[in-house]
Amino acid sequence: MALSKLDNLYRQVILDHSHHPHHHGQLLEGETVDMNNPTCGDVIRLTLQLEGDQIRDIAFTGSGCSISVASASMMTDAVIGKSIETALELATIFSEMVQGKVDERQDELGDGAFLSGVAKFPQRIKCSTLAWHALEKALDNRSGHAELANLSGH
Ligand code: ZN
């Protein structure tokens, strides 16, 4: 079956991100999370720096299939400078989108919206959500620290 022009465009954007991922590398300080997707062999290490309730900087390393690397690159573009609350909302919008749900805020995912086609390939959903789950975990860890700090009287 021949790819339509639109499919070609989607494919090109995904390949560009996977070949030249944005925010690729490691931050010297920050919340670090390692995650993997055993069904495909994708691994990611995500580092996150917060300033107040805003994501000041974010970077990732790892290896995996085109979809997992492209999705991580698109995720970093989408959440940098955003509030924690907005970033978590975007994570939800993304994971619903790749399961075939349409959301009017999908455009806020930036290039990430180009991964909506993943819904047609259920076995690739976990590749596309890996980076977003790592983000959720990093933000979760972070709020855990805040609770601990409160408990110890700071
Ligand atoms: Zn994968």
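Starting from 1, each residue takes its place in the sequence as its number. Note that the structure is predicted; figures quoted are calculated from it, not measured.
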If I compare all heavy atoms of [X] with all of [Y], which pair ends up nearest, and what's the gap?
X: Leu90; Y: Glu108; value: CD2-CB, 3.7 Å
X: Ala87; Y: Trp132; value: O-CZ3, 4.1 Å
X: Lys120; Y: Asp7; value: NZ-OD1, 4.3 Å
X: Gln99; Y: Ala119; value: C-CB, 4.2 Å
X: Phe60; Y: Val69; value: CZ-O, 4.0 Å
X: Leu115; Y: Val98; value: O-CG1, 3.7 Å

Residue list, salt bridge (charged side-chain N to carboxylate O under 4.0 Å, His left out) with Lys137, at least two apart or on another chain | none
Indicate if [X] and [Y] have the same hydrophobic cluster label, given that clusters are the connected sets of ILVMFWY residues with side-chain heavy-atom separations under 4.5 angstrom.
X: Leu27; Y: Met35; value: no
X: Phe121; Y: Leu9; value: no
X: Val43; Y: Met74; value: no

Treating [X] as the side-chain partner and [Y] as the backbone partner, does any N or O pair qualify as donor plus acceptor under 3.5 Å?
X: Glu29; Y: Gln49; value: no
X: Ser73; Y: Pro21; value: no
X: Asp53; Y: Ile84; value: no
X: Ser18; Y: Leu15; value: yes

Does CD in Gln123 sit with more than 12 non-hydrogen atoms of other residues, nucleotides or ligands closer than 6.0 Å?
-> yes
Which distance, rounded to the nearest 0.5 Å, do you find between the [atom1] of [X] and the [atom2] of [Y]?
X: Ser83; Y: Ile55; atom1: OG; atom2: CD1; result: 8.0 Å
X: Ser68; Y: Ile44; atom1: OG; atom2: CD1; result: 7.5 Å
X: Leu88; Y: Lys82; atom1: CG; atom2: NZ; result: 12.5 Å
X: Leu130; Y: Asp42; atom1: CG; atom2: CG; result: 6.0 Å
X: Ser71; Y: Arg124; atom1: OG; atom2: CZ; result: 11.5 Å
X: Glu31; Y: Leu135; atom1: CD; atom2: CG; result: 11.5 Å

Side chain proximity check, His133 to Asn37, heavy atoms < 4.5 angstrom | no
Pairing residues for His22 by the ring pair (Phe, Tyr, Trp, His ring centres under 6.0 Å) criterion, not counting sequence neighbours | His17
Between Leu139 and Leu50, does a side-chain contact (heavy atoms from CB on, under 4.5 Å) hold up when you go through it step by step?
-> CA-CA 9 Å; Leu139 293 173; Leu50 294 174; 4.1 Å; yes
Verify side-chain contact (heavy atoms from CB on, under 4.5 Å) between Asp77 and His23, making sure each step is shown before the conclusion.
-> CA-CA 8 Å; Asp77 280 348; His23 306 107; 3.1 Å; yes
Indicate yes or no: does Arg105 engage Glu89 in a salt bridge with an N to O separation below 4.0 Å.
-> yes
Pair Gln12, Asp16: side-chain N/O donor-acceptor within cut-off below 3.5 Å = yes
